[in-house]
There are 2 protein chains.
Amino acid sequence: MGFVPSQQRLPLDEVLVGDCIAAMNALPAGSVDCVFADPPYNLQLGEASLLRPDQSRVDAVDDAWDKFSSFASYDTFTREWLSACRRVMKPNATLWVIGSYHNIFRVGSALQDLGFWILNDIVWRKANPMPNFRGKRFTNAHETLIWASRSAESKGYTFHYEALKGGNEDLQMRSDWFIPLCTGDERLKGADGHKVHPTQKPEALLARTLLSATNPGDVVLDPFFGTGTTGAVAKRLGRRFIGIERETVYAEAARARIAGVVPLSQASLLVSPAKRAEPRVPFLSVVEAGHIRAGEVLTDERRRFKATVRPDGQLGIGPVVGSIHKIGALVQGLPACNGWTFWHAERGGKPLVIDAYRTELRAAMGAAG
Amino acid sequence: MGFVPSQQRLPLDEVLVGDCIAAMNALPAGSVDCVFADPPYNLQLGEASLLRPDQSRVDAVDDAWDKFSSFASYDTFTREWLSACRRVMKPNATLWVIGSYHNIFRVGSALQDLGFWILNDIVWRKANPMPNFRGKRFTNAHETLIWASRSAESKGYTFHYEALKGGNEDLQMRSDWFIPLCTGDERLKGADGHKVHPTQKPEALLARTLLSATNPGDVVLDPFFGTGTTGAVAKRLGRRFIGIERETVYAEAARARIAGVVPLSQASLLVSPAKRAEPRVPFLSVVEAGHIRAGEVLTDERRRFKATVRPDGQLGIGPVVGSIHKIGALVQGLPACNGWTFWHAERGGKPLVIDAYRTELRAAMGAAG
DNA sequence: TGATGGGTTGAATCCATCT
DNA sequence: TAGATGGATTCAACCCATC
């Protein structure tokens with residue numbers, strides 16, 4: 001048993017144009033160290049377009065490559081490309097897949113059925129997600145990555161535990177990552193000024209995955225290369241890549257992009273994450289934490305105004321209900337108010353500003369923010 | 001078609017001891033408003049126990065109820081209990097399931113296959129997760145909840161958008177929730193001082209789900225009741241519950257726990273009215289009430305566009321006639337427009353938004369109704 | 001040169017009611 | 001039951017023009 005690396009030459013640092021399953025099947029077995037895959041998400045959007053509150057149209061993903069007739073056909077497709085990946089993976093290689101709730105459960109199940117061994121699921125928390133315009137659901141503010149080894153017996157996979165910890169205030173890197181969307185200069189634009197690819201991933205996301213789970217010189221395969229974020233980051237970080245992309249337009253854009261990437265020096269490969277701004281704390285969290293009870297009465301410092309805390313983290317005065325800020329502004333007749341510094345809870349016979357509890361929660365959040 | 005609620009009595013605010021599938025099948029179809037399920041996670045732990053760096057043993061979940069011989073048997077079990085849930089759900093009921101990467105992909109796929117419609121996946125970010133002692137993976141710092149309606153056609157599900165927003169700094173609630181683990185006094189301990197249940201969920205997590213997706217008086221079913229966090233929170237928040245638990249020890253602990261819960265006052269439970277629940281007011285009523293005269297000229301706020309009020313409650317620009325919305329969209333070249341907030345009447349030399357008159361009429365309707 | 005404000009945009013399973 | 005219509009709904013980041 002075991003894999004015998006083929007002597008066949010690998011198409012390193014190239015973009016292959018074509019169907020990813022056929023292209024992978026043409027590669028030698030057991031030849032890549034890592035796979036990063038961003039497959040179609042199988043979004044099932046209705047016919048009507050979604051309008052923002054200002055009546056502008058949301059530019060949805062409606063490309064042909066995201067169309068599947070049923071869950072069954074999506075599952076078949078998923079098993080096929082995952083199987084092809086598994087064949088070309090070295091025994092200790094790992095696989096990353098990114099997706100949303102539309103497809104990630106199908107992908108995760110297929111992975112497990114094929115014998116992959118899930119090491120973590122990772123949550124990419126978006127700094128600036130698209131809002132939910134109709135107010136019918138929670139803001140869809142994250143995507144999920146699955147990190148898996150080739151099998152449960154693959155114990156020798158690469159994981160740079162110490163490096164990640166060192167870059168994270170000496171705390172273990174958690175499974176929830178806070179990273180902005182790909183915008184600005186990083187977002188590839190065509191001659192018409194429009195985005196080249198509808199779902200270009202941020203380089204920071206790829207950088208963290210490749211720094212975590214590969215070594216310099218490792219070969220990273222991306223079967224859904226798109227505009228080549230995986231290749232650009234691999235080159236910058238001193239890794240080799242194999243990209244496969246069906247659409248010539250994307251492949252061309254990827255090649256041009258990667259040609260412009262300057263590799264980092266070996267010494268500078270680990271980057272500390274940027275300092276975060278103070279994490280926002282919902283007043284609801286203060287209630288949930290039990291610092292302030294639902295039903296409790298808050299006042300201003302001089303006890304001129306009163307309002308009752310509701311279990312949903314709003315304040316109420318009789319029938320009037322709103323956020324701590326809204327109600328604070330209302331009672332004072334002001335256009336705005338910082339509820340955190342305005343409202344107080346009775347503690348030991350004296351009013352304690354509720355901002356004290358926010359500070360406490362932030363300390364508890366620590367590096368988790 | 002449609003569900004006809006059975007006259008059969010529901011076992012409200014009770015803990016049923018037994019197999020959840022059999023127990024659910026004995027309930028009338030279409031009878032519950034919400035399901036919260038925390039099924040066995042199908043953890044695949046080796047025989048050897050995990051040791052902390054100080055050689056103490058980690059108290060892992062190794063109970064018999066979490067043993068499944070294969071993915072196939074777990075999938076069968078999952079489909080069965082999900083189907084039983086779906087039968088007892090009202091058409092607009094929603095289902096919550098919590099899990100980790102060990103089982104959530106199986107559960108999510110089964111959900112979709114059975115016709116549930118996923119509304120969100122929610123990430124519970126743990127404030128104080130267990131570290132990864134071996135340093136072989138990322139700290140597993142989150143669990144995933146899936147929120148789904150009974151079918152894609154179930155558009156009338158409950159979601160308290162405004163209340164959640166008010167409790168969250170007046171920002172939409174996101175899909176990533178930061179909540180501490182269940183520890184301290186909240187964690188049920190036996191006479192021996194050990195925790196009663198290995199996976200007791202924090203009340204804050206249940207509170208947020210029930211406040212989001214149920215109304216006071218709604219019936220919440222929990223087929224894996226454990227030590228009754230769902231029941232305790234439901235009682236506190238003025239919801240009814242049906243708990244099903246196989247282990248007598250857990251059921252007894254749950255009953256004792258829930259008996260000690262003091263419900264919040266009715267007043268603090270009232271949810272913020274959704275704006276769309278406000279009664280519809282025809283623009284014609286504003287004209288009929290004399291607030292705006294037929295023949296009067298309306299403009300936008302900056303007086304760029306003009307239109308004349310007709311006695312039938314439409315607007316006209318020359319020969320073009322239509323509703324306040326149609327004409328507002330037309331002059332702006334937009335696909336749609338809310339005429340109530342777009343059009344203004346000249347009052348005291350300044351433009352007054354016509355929505356003010358709708359508010360006034362609604363207040364009058366409230367007094368009359 | 002820096003501050004400010006307007007405009008644009010991001011993998012979206014995003015309406016309710018009446019005729 | 002399908003089609004028409006009323007009308008409710010957004011947050012963070014970045015670009016750019018203007019002050």
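Residue numbers begin at 1 in each chain, while the letters A, B, ... track the order of the sequences.
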Q: Mind checking B:Ile324 for me? I need base, sugar-phosphate or nothing, with any heavy atom below 4.0 Å counting as a touch.
A: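 Contact class for B:Ile324: none.
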Taking 4.0 Å as the cut-off, does a side-chain nitrogen or oxygen of [X] come that near to OP1 or OP2 on [N]?
X	N	result
B:Tyr157	C:dA16	no
B:Lys326	D:dG7	no
A:Lys195	C:dT9	no
B:Arg358	D:dA8	yes

Q) Do B:Gln314 and B:Lys326 have side chains that get closer than 4.5 Å, going by heavy atoms? A)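 Sidechains of B:Lys326 and B:Gln314: no contact.
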Q) Is it the case that more than 12 heavy atoms not belonging to A:Arg57 sit under 6.0 Å from its CZ atom? A)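 Not more than 12 within 6.0 Å, no.
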Q. Parallel, tilted or perpendicular: which describes the rings of B:Trp147 and B:Phe159, with under 30° parallel and over 60° perpendicular?
A.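 B:Trp147 and B:Phe159: tilted rings.
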Q. Is any N or O donor-acceptor pair between the side chain of A:Gln55 and the base of D:dT9 shorter than 3.5 Å?
A.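 Flag set: donor-acceptor pair detected.
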Q) Quick one: the side chain of A:Arg52 and the base of C:dG10, do they pair up donor-acceptor inside 3.5 Å? A)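 Per atom types, the contact qualifies.
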(Q) So that I can tick it off, tell me whether A:Lys201 and A:Asp38 are bridged by a salt bridge, with the cut-off set at under 4.0 angstrom between side-chain N and carboxylate O. (A)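 Looking at A:Asp38 and A:Lys201, the cut-off is met.
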Donor-acceptor pairs under 3.5 Å, side chain of residues 107-115 of chain B to any protein atom, not counting sequence neighbours: which ones?
from: B:Ser109; atom 1: OG; to: A:Phe105; atom 2: O; distance (Å): 2.8
from: B:Ser109; atom 1: OG; to: A:Ser109; atom 2: OG; distance (Å): 3.1
from: B:Ser109; atom 1: OG; to: B:Phe105; atom 2: O; distance (Å): 3.1
from: B:Gln112; atom 1: OE1; to: A:Arg106; atom 2: NH1; distance (Å): 3.2
from: B:Asp113; atom 1: OD1; to: A:Arg106; atom 2: NH1; distance (Å): 3.1
from: B:Asp113; atom 1: OD1; to: A:Arg106; atom 2: NH2; distance (Å): 2.8

Q | Spacing between B:Glu153 atom CD and C:dC15 atom C1', to the nearest angstrom | A |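 The answer, rounded to whole Å, is 15 Å.
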Q.
Is it the case that the ring center of A:His197 lies less than 6.0 angstrom away from the ring center of A:Tyr250?
A.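 That pair passes the under 6.0 Å test.
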Q. Is there a salt bridge (Lys or Arg N to Asp or Glu O under 4.0 Å) between A:Glu203 and A:Arg257 once you walk through the steps?
A. CA-CA 12 Å; A:Glu203 295 196 1; A:Arg257 171 189 187 180; 3.0 Å; yes
Q: Starting from Watson-Crick (N1-N3 plus N6-O4 or O6-N4) and G-U wobble pairs under 3.5 Å, report the runs of at least three that DNA chain D belongs to.
A: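 Counting only runs of 3 or more consecutive pairs, the stems involving DNA chain D are C:2-10 with D:11-19, C:15-19 with D:2-6.
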What integer number of Å spans the [atom1] atoms of [N] and [M]?
N	M	atom1	value
D:dG7	C:dA11	P	34 Å
C:dT1	D:dT18	C1'	14 Å
D:dA12	C:dC14	P	23 Å

Q) From D:dT10, C:dA11, D:dG6, pick the nucleotide closest to the side chain of B:His325? A)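 The closest nucleotide is D:dG6.
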Q. A:Lys136 side chain: which of D:dG7, D:dT9, C:dA16 is closest?
A.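 Comparing D:dG7, D:dT9, C:dA16 against the side chain of A:Lys136, the answer is C:dA16.
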Q. What does nucleotides 12-19 of chain D look like as a protein-contact string, B for base, S for sugar-phosphate only, - for none, at under 4.0 angstrom between heavy atoms?
A. SSSS----
Q. Any donor-acceptor pair under 3.5 Å linking the side chain of B:His325 with the backbone of B:Gly339?
A.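 Judged by distance alone, yes, a pair lies under 3.5 Å.
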